[in-house]
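Just so it is clear, the values below take in all heavy atoms, side chains as well, and ignore hydrogens, waters and symmetry mates. Every chain is numbered from 1 and lettered A, B, ... according to where its sequence line falls, protein lines coming before strand lines.
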2 protein chains.
Amino acid sequence: MPRTKASYDVFSAIGEPKRRIIIEQLIQKEMTVNELVAELSWSQPAVSKHLAVLRQVDLVSERRAGRFRFYRVQPRELKPIQEWIHQFEKYWGGSLDQLDTYLQELRLGMNNDKH
Amino acid sequence: MPRTKASYDVFSAIGEPKRRIIIEQLIQKEMTVNELVAELSWSQPAVSKHLAVLRQVDLVSERRAGRFRFYRVQPRELKPIQEWIHQFEKYWGGSLDQLDTYLQELRLGMNNDKH
DNA sequence: ACTATATATTCTTATATAGGAATATATAAG
DNA sequence: CTTATATATTCCTATATAAGAATATATAGT
């Protein structure tokens, strides 16, 4: 972002739609750069550059095998985003399970007035 | 982003750290622009512009009262992000509740081999 | 009507960065 | 050693956009 020190963090890395597409591909199985190029019909440098950004924030890792580099997602690195979103879920009833919400409230001691 | 049609979507809107800070503020209570300016010590135009972006993607709404504009978060608009993240949680054991995961698997019929 | 206040917008500028073309690097194959 | 293949990097350019300054707009108060 202009006039901001702003290098990449996980949030801005997935702010770019194409990088989300790469993550969606790589969650299925590890893939080489050219496999991604073939699958997505983007230029090879474009794919490599997006992968480089994802690597910078550890959202993907690389396994080298001869000339090939297999990329895979490191899904755990998405956790900060999940946690950031999670703090707002209670404001929209967005927890994916009602019981889960109930247990969270128990943990937080927010449930004392309910039997 | 350069050379991309890319106007704002919810993902890129929260890719900007300052906009996440605004959302964190406004989730507590609705606030006017100047209240945010006072709280965050940013310039007024900076706050207004970030609010404008958040409004474009409906992450905040505005209530006018005289000269004031009260902004509040529309947390439900974060749901696409939650859902996008959610599809990856199973790859890191990231569901916030084990029981929740269990129930999800039941729903998905992925649990037939367990008692 | 005039002034003050709250906020948005416009204009400008600096910078980040996505994408393409060309090139570099690394490794494999012959 | 030469060539082919896989990938990264460099160089360039167009564009998006964050931030500041100045200004516009809207409303309230006098």
Options [options], nucleotide nearest the side-chain atoms of [X]:
X	options	result
E62(B)	dA8(C), dG20(C), dA8(D)	dA8(C)
Y8(B)	dT17(D), dT7(C), dT7(D)	dT17(D)
P45(A)	dT9(C), dT9(D), dT7(C)	dT9(D)

Counting only side-chain N and O atoms of [X], is one of them less than 4.0 Å from OP1 or OP2 of [N]?
X	N	answer
R67(B)	dT25(D)	no
N34(A)	dT7(D)	yes
S43(A)	dG19(C)	no
R69(A)	dA6(D)	no
H50(B)	dA19(D)	yes

Quickly work out the [X] [atom1] to [N] [atom2] distance and round it to whole Å.
X	N	atom1	atom2	result
E30(B)	dT7(C)	CD	P	12 Å
L40(B)	dT7(C)	CG	C1'	16 Å
I22(A)	dT7(D)	CD1	P	13 Å
L51(B)	dA8(C)	CG	C1'	11 Å
R55(A)	dA8(D)	CZ	P	6 Å
I21(A)	dG19(C)	CD1	P	10 Å
R19(B)	dA16(D)	CZ	P	15 Å
R63(B)	dT27(D)	CZ	C1'	16 Å

- Task: Indicate the ring-plane relationship of Y91(B) and F88(B), choosing parallel, tilted or perpendicular according to the 30° and 60° boundaries.
- Result: tilted
Look at the side chain of [X] and the base of [N], then say whether one donor and one acceptor between them are separated by less than 3.5 Å.
X	N	answer
K49(B)	dG20(D)	yes
Q44(A)	dA6(D)	no
E16(A)	dA18(C)	no

- Task: Tell me, yes or no, whether the heavy-atom count around R55(B) atom CZ, taken from other residues, nucleotides or ligands under 6.0 Å, exceeds 12.
- Result: yes
- Q87(A) side, atom CD; L78(B) side, atom CG - distance, nearest 0.5 Å: 9.5 Å
- First locate atom CG of L54(A), then atom NZ of K18(A), and finally report the distance between them rounded to the nearest 0.5 Å. 13.5 Å
- Message: Partner lookup for dA29(C), please. Criteria are Watson-Crick or G-U wobble with both distances under 3.5 angstrom; report none if nothing qualifies.
- Response: dT2(D)
- Query: Have E62(B) and Y71(B) got a donor and an acceptor in their side chains that come within less than 3.5 Å?
  - Reply: yes
- Looking at K90(B), E89(B), E83(B), which hits side chain to side chain donor-acceptor pair (under 3.5 Å) with H86(B)? E89(B)
- Would you classify R64(A) as touching base, sugar-phosphate or nothing, given that sugar-phosphate means primed atoms plus P, OP1 and OP2, and contacts are heavy atoms under 4.0 Å? nothing
